[in-house]
Every structure is written in structure tokens, then in C-alpha cells.
J.: 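Below is a structure I'd like to ask you about.
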Amino acid sequence: MTAYLVAILTSVGFYVVLALALNLQWGLTGMLNFGLAGFYALGAYASAITTELGGMPFLAGFAMAIVVGTLAGLAVAGLSARLVGDFLAIATLGFAEIVRFLALNEDWLTRGPRGFPIETRPIPEGLSREASAWAYLGLVALLVVVAFVIVERIRTAPMGRVLRAIREDELVPAALGKDVFRFKLKAFALGAALAAAAGSLYAHWVQNISPDHFTTALAIGVWMSLIVGGTGNNRGVLVGATLVMVILEGSRFLTGVVPGLDAERLSALRIALIGVLIIVTVRFRPEGLLPEPRIRLETPAKGA
Amino acid sequence: MQTILNAISSAAIIAPAAVGFTLLFALFRFANFAVGALMTLGAFACWTLNVPVGLPLWLAAPGGMAVAAAGLWLADRLAYAPLRAAGGATLLLVSIAVALVVENALRLGYGGQIRGFDLPLSRPWVLGPVRLAPEQLGVIAVSAASVAGVMLWLSLSRWGRAVRAAADDPTLAAVRGVPVGKIHAAGIAGAGALVGLGGVLAGVDLAIEPGLGWALIIPVLAAAILGGVGSPMGAVLGALLVGLAEEVTALVMSPSYKAAVGFVVIVLALLLRPYGLLGRELVRK
Amino acid sequence: MSLLLQASGLRAGYGAAEIVHGVELSLSAGEMLTLIGPNGAGKSTLLKALAGAAQVMGGRVTLMGQDVTGASAARIAASGAAYVPQERNIFRSLTVEENLGIGGWLAGPALAERRAQVLRLLPELAGFSRRIAGRLSGGERQTLAVGMALMVEPKVLLVDEPTAGLSPALVGRLLELLRRLADEGLGVLIVEQNARAALARADRAMVLVDGQVAAAGTAAEIEAAPDLGALFLGRAA
């Protein structure tokens with residue numbers, strides 16, 4: 001049971017990092033990224049290729065993941081950040097699918113659908129199964145903390161104010177002389193780097209990655225964490241991701257309880273449930289469980 | 001020659017749904033991702049009438065169209081209409097959620113098995129270097145007729161013109177006395193039926209399973225975006241180009257990349273010609 | 001002259017904001033009345049309130065003796081007052097012909113007859129009836145917008161800044177067109193920035209300042225008023 005809980009908490013951690021990345025891109029900046037799974041996959045494969053094919057240590061793979069994630073984020077955002085909201089969403093979704101197709105078809109590099117086995121681990125060898133599970137949870141928790149601090153600091157910093165202004169209406173910060181494009185690029189690339197870092201850690205945790213791990217369904221789960229928790233609120237993201245994981249995992253126990261529910265139908269039921277929850281939340285509580293903290297307005301200078 | 005025929009054949013499958021998608025975008029100003037899942041719904045409804053119930057396909061198809069239209073109407077009532085003021089991004093997200101619900105409700109009800117319509121086995125006709133199956137010809141004919149019919153309706157009939165006017169500027173249409181609410185309902189019925197028909201046509205050619213829509217939404221979107229969202233004529237042209245691009249890719253690269261073509265087309269089209277071949281900048285609310 | 005449109009004590013605005021504070025106004029058949037005043041005085045809001053496109057917060061509006069206070073835009077249109085918005089007043093993706101068809105939606109079976117009548121009033125429309133409205137020039141576009149409004153055979157025309165963005169030559173032509181329509185027996189109420197050009201053609205004028213009528217009279221009287229001239233007609237103060 002403890003082992004199960006540790007594993008669940010570890011997966012919650014990956015969700016949280018992804019949700020924080022999305023909160024930076026969408027929650028703060030208003031950039032629709034449906035391609036989060038693509039950056040996550042890119043980080044995982046970059047890291048795996050560096051350590052397994054390149055024979056380098058984990059840290060090199062981790063660093064490579066961040067570099068590749070950042071570059072991909074810059075490229076995607078640079079090419080498409082000028083697109084209006086929904087078209088950016090489609091372009092990013094396209095990016096994620098193309099990453100998945102490459103992973104699926106270029107098996108000389110990615111081992112394709114059979115899966116990429118990963119030996120290298122970031123934790124010392126010789127630990128017991130249990131100890132290494134705990135150690136891994138610690139590492140993921142560390143990544144969560146780092147990601148949380150980064151995104152939270154950006155949110156409260158002057159940059160966060162500019163990003164929110166971009167989200168509300170790009171023309172306003174542009175009129176105030178802010179380079180909107182540059183800010184969007186930064187926010188998107190940083191979010192992509194965070195997702196890739198999570199991907200790297202994930203790859204070395206599951207030790208076998210295949211394109212199936214990085215589907216749009218994953219991205220939808222992350223989106224739901226954000227929406228349910230409270231878009232724009234980093235604490236809400238923690239709550240949302242945990243809740244989503246509890247729903248996803250908890251509904252597993254329905255097998256056997258409800259007659260006639262095989263594994264495939266059960267998984268269908270869970271995903272349909274996520275869909276219903278998203279619709280209900282957006283309609284009845286669009287601000288999520290923990291609404292975005294009210295922005296402190298700067299007191300206008302007297303006589304301005 | 002065979003490549004061109006295959007391209008026309010895949011264009012015929014996606015064109016009605018692309019026209020439906022583009023109409024919905026023009027009327028409601030958001031990319032409705034549930035179009036793919038509604039195609040699947042139409043295909044399953046038609047299959048139910050065709051195989052277990054035993055109706056001939058030409059009778060079952062209108063049933064599939066009606067169910068898809070009803071599904072779209074229900075989604076609109078429950079999910080989209082209350083959020084009409086919320087903006088394209090929110091509605092896009094909600095439409096993905098609707099797609100998940102529809103797709104997985106189908107999986108829950110029908111299971112994941114692959115199904116097919118009850119079609120008589122037929123031998124393809126061989127005309128010189130070209131092979132053409134009778135079903136293929138049927139798909140092309142039905143698709144062309146339906147798309148042409150919708151286009152004529154939009155440009156010649158009083159209600160069709162009112163749909164275009166309401167898509168262009170709903171406020172002004174209301175000022176001029178056009179019943180915009182009824183026009184929206186007509187648009188949903190028409191677009192839903194087109195999408196359902198697209199699902200039926202896809203079901204003739206491809207295996208019917210709950211994930212059918214995810215594979216189709218991308219070429220449908222690509223066709224609509226390439227043609228210029230909001231332009232039905234553009235959607236047809238886009239469908240032809242996407243079909244051609246898919247077939248050429250399958251020919252010169254590997255067929256496994258065929259499915260990625262839609263995405264590449266979308267990304268390129270968005271970057272190079274954001275308003276598409278026949279599109280123009282749409283006024284956003 | 002028969003009285004077509006009358007407003008008394010009219011207060012109007014959007015949401016909680018009242019912009020028009022108690023305006024008296026009347027418009028008779030064959031008469032052209034122009035509303036002038038500084039930016040933000042509430043001219044457009046007043047016009048929209050009369051057309052049912054802004055919220056009426058108090059007072060009374062009657063259209064040919066019928067109480068239409070707070071009625072919807074569609075009802076007011078059906079009752080005989082056609083409103084021409086300032087921007088977005090045509091369907092850009094439809095042809096001129098199709099625009100007229102939508103304009104005459106309420107005419108039903110009488111559509112062909114109305115179209116013939118509008119083309120008689122605005123013969124220039126016939127010259128470009130097959131073109132896409134979005135590709136028309138500014139002057140042609142405004143003519144079409146007026147033509148669309150005329151399709152329901154209104155008694156009253158409410159026109160919001162029809163000459164915005166037009167060249168001086170076109171301003172004159174468009175105002176002449178509206179004058180012609182008034183001479184045909186319509187009541188024409190326009191909001192106009194080109195105060196001098198409008199005064200030259202209107203019968204009467206009202207000056208609106210801060211949502212209230214600052215002055216009203218014949219067009220000649222308003223043009224002659226020295227202080228108003230300084231404020232709104234662009235003479236050096």
C-alpha cells in the first residue's frame with residue numbers, strides 16, 4: 001500500500017510540474033498550448049537518447065532535455081506566437097502530434113512503439129526497491145518545488161504583471177512600449193523547458209518510454225488540473241493536479257464493483273468523466289477551486 | 001492518375017465535415033473540436049441502423065446524420081450556448097471536452113471493437129491504369145452532391161443567405177430583423193447533418209471504432225484552415241489539397257507519415273497564410 | 001407635416017451608466033434633423049436609444065403615435081424606424097444584391113417591389129449590385145447601408161455618422177442623398193461630425209452637450225449662433 005501511495009504521489013508530481021508550466025503559458029500569459037505532451041515527450045526522449053545512446057550520466061540527459069525543450073519552445077512560439085488564440089492551440093497540438101509521429105516512426109533513434117528501455121537512473125545504485133522509490137519521490141518533489149518557486153516568482157514579479165496584461169489585451173502593454181512578442185517567447189520557452197525537465201525525470205523513473213505515454217489525453221488531464229484548481233493560481237494547480245490524480249486513480253477501484261465494466265470500458269468512463277468535469281467546471285465555476293489572487297493595482301501617481 | 005483518384009476519394013470523406021466545421025466557425029467563432037467525435041457518432045448511429053436493425057445503408061445514413069445533428073444541438077445547449085460570451089479559447093477547450101465525452105460514451109456503449117457497414121462485396125472496376133471501387137464512386141458522388149447542395153442553398157435561398165449574414169455580423173442581422181436565434185438553430189442542424197454524413201462516408205471507407213474521430217479531425221481542420229476558416233468553398237478546395245498532400249506523402253515517404261500530413265499542412269497554412277486560400281479576417285467579438 | 005417620432009424626457013445609456021439625461025426631440029415627415037455636439041456628448045447613444053440598440057432608462061418614445069419606449073431593435077425596425085449604424089453597417093462577405101435582400105428580410109414576399117423602389121431612390125446602387133460589399137469604396141458602402149435600411153419602407157431613418165471617414169466631396173453627396181430622402185417624405189435624423197456640411201442641408205438642428213440639449217432651432221439659427229460656432233464649427237476661439 002505504501003509503495004502504491006509513493007508511486008501515485010510521484011505521478012502527481014509530474015502532473016504538477018506540467019500544470020505549473022501550463023499555468024505560466026496559459027494561466028498567466030493566455031497562450032493556448034495543447035502541445036504540452038509534445039514538450040514532455042521531447043524532454044523524455046532527449047534525456048533517454050543522451051544517457052542510453054550517448055552513454056552520458058543522468059545530469060547530462062537532464063540538461064539536454066532542458067536545452068532541447070527550451071529550443072523547441074522558442075521555435076514553436078517564435079513561429080506561431082503571433083497567431084490568434086485558437087490557431088495557436090491548433091499549431092501546438094500539431095507540434096505534439098508531429099513529435100509523437102517522429103517517436104513512433106524513427107525507431108533507429110527512439111525504438112518506436114516497442115518502447116525505449118532506460119538503464120540510467122539519477123539515484124545511487126544498490127538501494128532497495130522501497131528506498132529507491134522514496135528517493136525518486138524526493139527528486140520529483142524537488143523539481144516540483146523548483147518549478148513552483150520559479151513560476152510563483154514570475155507571477156509576482158514585474159514580468160508577471162506584463163504577462164497578465166498580455167493575457168487581457170495585447171495592445172495595452174504594446175502601447176506602453178513592452179515588447180509583447182519577446183515576453184510571450186520567454187514565457188512559452190520557460191514553460192516548455194519545465195515540461196521537458198519533467199519529461200526527463202519521468203523517463204528515468206518509468207525506465208521504458210513509448211509514444212503512448214505522451215498522448216493528447218495526458219495534455220487534457222493537465223488542462224483539467226489547471227481548470228479545476230484555478231487558472232492563474234499556482235496553489236490551485238497543486239490542488240487541481242492532486243484531485244485529478246485521485247479521480248483517475250480512484251476510479252480504477254470501480255472494476256469489480258460495477259458489473260460488466262472491463263478495463264477498456266472503465267478507462268473510457270474515466271476519460272468521459274474528465275470531459276464532463278471540465279465542462280461543468282468551466283460553466284459553473286470558471287475561476288476554479290482556488291481563484292487567481294486579485295492583482296494588486298499600483299497606486300496611480302497623483303495628478304497623473 | 002491513381003494518386004489523383006485516391007486524393008479525390010479521401011477529399012470526399014473529409015469535405016462535408018470540413019464544410020460543417022467552417023460553417024460552425026463562421027456562426028459561432030470558435031474551432032469546434034467535437035466535430036471529429038460527432039462524425040464518429042454519426043457513423044455509429046448509421047451502423048446501428050444498418051447492421052443490427054438491418055436497414056439498407058441509404059436509409060440508415062440519414063439516421064446517422066440526424067443523430068449527429070441532435071448530438072451537436074445537445075452539446076450546444078449544455079456546453080457551448082451558456083459560454084457564448086466566453087471567447088474562442090474557452091469554447092475550444094470545452095469542445096475538446098465534449099469530444100472526449102462523446103468518444104468515450106461510444107466506447108462505453110459499443111466497446112472498442114472495429115465494425116463495418118453491411119455493404120455488398122464488390123470487385124473494383126479497372127479502367128486502364130486506374131482501379132476504382134464502386135463504394136469509392138458512391139462516396140465521391142454523395143459527398144459532391146451534398147457539398148454542392150449546401151453551397152447552392154447558402155447562396156441562393158433566403159434562409160441560406162441569412163445564415164451567411166448572421167455569420168458575417170450577427171448584431172447587424174438582428175437590427176435588420178433577421179431572427180438570429182433561429183438562424184443559429186438552422187446552422188447547427190445543417191452543420192451537424194454534414195458532419196454526420198462525413199462520419200457515414202468515413203465509415204464506408206475506414207473501420208468504425210470510437211477513436212475514428214481523432215484520426216479525422218486533423219485532416220478536417222487542415223482542410224478548413226487551408227481553405228480559409230469560414231469559407232465553405234475554401235473548405236472543399238482545402239479538402240482536395242489535403243487529400244492530395246496525403247497521397248503524395250504516402251507515395252514518396254512512408255505511408256505511416258500520411259496521418260502527420262494534416263498537421264504539417266495546418267502549421268504551414270497558419271504560418272504562411274493565416275486567413276487561408278479563400279478566407280479573410282473574421283471580426284472577433 | 002405629420003409628427004413621426006417624438007421623445008420626451010428621454011434618459012438612456014449602457015448598463016449602469018446613464019449618458020443621455022432627459023432629451024426632448026421631435027421629427028416630422030419630410031424633415032431632416034441633425035444632431036451635433038462634441039465627442040462623448042451622447043449623440044450616438046441618443047440615436048441608439050431611439051433605435052432600440054441602447055438601454056432606455058426613463059422618459060417616453062413614440063413612433064407614429066405608438067409607444068415604443070424600451071422596445072427591441074427588431075420591433076422598432078418593424079414599426080417603421082430604420083437604423084443605420086456607424087460602423088459594421090453592411091455584410092461585407094455578401095454581394096450588394098444579397099445585402100439588400102437581408103435588409104428586406106421583414107418585407108417578405110414584397111421583396112422584389114421594395115428592391116425596385118430602393119433602386120429608384122438610390123439609382124447608383126444598380127451600378128454595383130453584383131459586387132461583394134466588402135470591396136466597395138467608402139461612399140458606395142454608406143449608400144448601400146442606407147439602401148438596406150430603406151428596404152423595410154421606413155417612415156423614419158436614424159443614421160449614425162454616415163460620413164465618417166469619407167472625403168469632403170463624398171460627404172456632400174451622401175448628405176444630399178439623405179436630403180433627397182427627406183424631400184421624398186421620410187423623417188431623417190442624423191448624427192453628424194461634419195456639422196457645417198450637415199447644417200447646410202438640414203431643416204433643423206440640435207446641439208447635444210453632456211447628454212443634454214444645449215441648443216435647438218432651425219439649421220440657420222444654429223449656424224449663426226456665435227458661441228456654438230466657436231465650439232463646434234471649428235472657428236478659431
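Below, chain A is the first sequence line, B the second, and so on; all start at residue 1.
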J.: Evaluate whether atom CZ of R285(A) has more than 12 neighbouring non-hydrogen atoms of other residues, nucleotides or ligands under 6.0 angstrom away.
T.: yes
J.: Under 4.5 Å, heavy atom to heavy atom: which of residues 68-75 of chain B reach chain A? Give them by number, or say none.
T.: none
J.: Which heavy-atom pair separates G275(A) from A97(B) by the least distance, and what is that distance?
T.: O-CB, 3.6 Å
J.: So what's closer than 4.5 Å to chain A heavy atoms on L91(B): side chain, backbone, both or neither?
T.: neither
J.: Check each atom of I96(B) against the heavy atoms of chain A and say whether the ones under 4.5 Å are side chain, backbone, both or neither.
T.: side chain
J.: Testing the basics here: between A268(A) and N104(B), what is the closest heavy-atom pair and its distance to 0.1 Å?
T.: O-CB, 3.1 Å
J.: Is Y80(B) in contact with chain A via its backbone, its side chain, both, or neither, using a 4.5 Å heavy-atom distance?
T.: neither
J.: Of the options L93(B), L78(B), V94(B), which is the one that meets I279(A) in a side chain to side chain contact (heavy atoms under 4.5 Å, CB included)?
T.: V94(B)
J.: What residue, out of L102(A), L93(A), T92(A), I278(A), has the most heavy-atom pairs lying under 4.5 Å from chain B?
T.: L93(A)
J.: Run I220(A) and L100(B) through side chain to side chain contact (heavy atoms under 4.5 Å, CB included) and show every step you take.
T.: CA-CA 9 Å; I220(A) 298 297; L100(B) 288 180; 3.3 Å; yes
J.: Does any N or O in the side chain of R107(B) come within less than 3.5 Å of the main-chain N or O of S267(A), such that one atom is a donor and the other an acceptor?
T.: no
J.: Shortest non-hydrogen contact from R265(A) to L108(B)?
T.: NE-O, 2.6 Å
J.: I need the minimum non-hydrogen distance between V276(A) and V101(B), along with the two atoms involved.
T.: N-CG2, 3.5 Å
J.: Report which part of V102(B) has an atom under 4.5 Å of a heavy atom belonging to chain A: side chain, backbone, both, or neither.
T.: neither
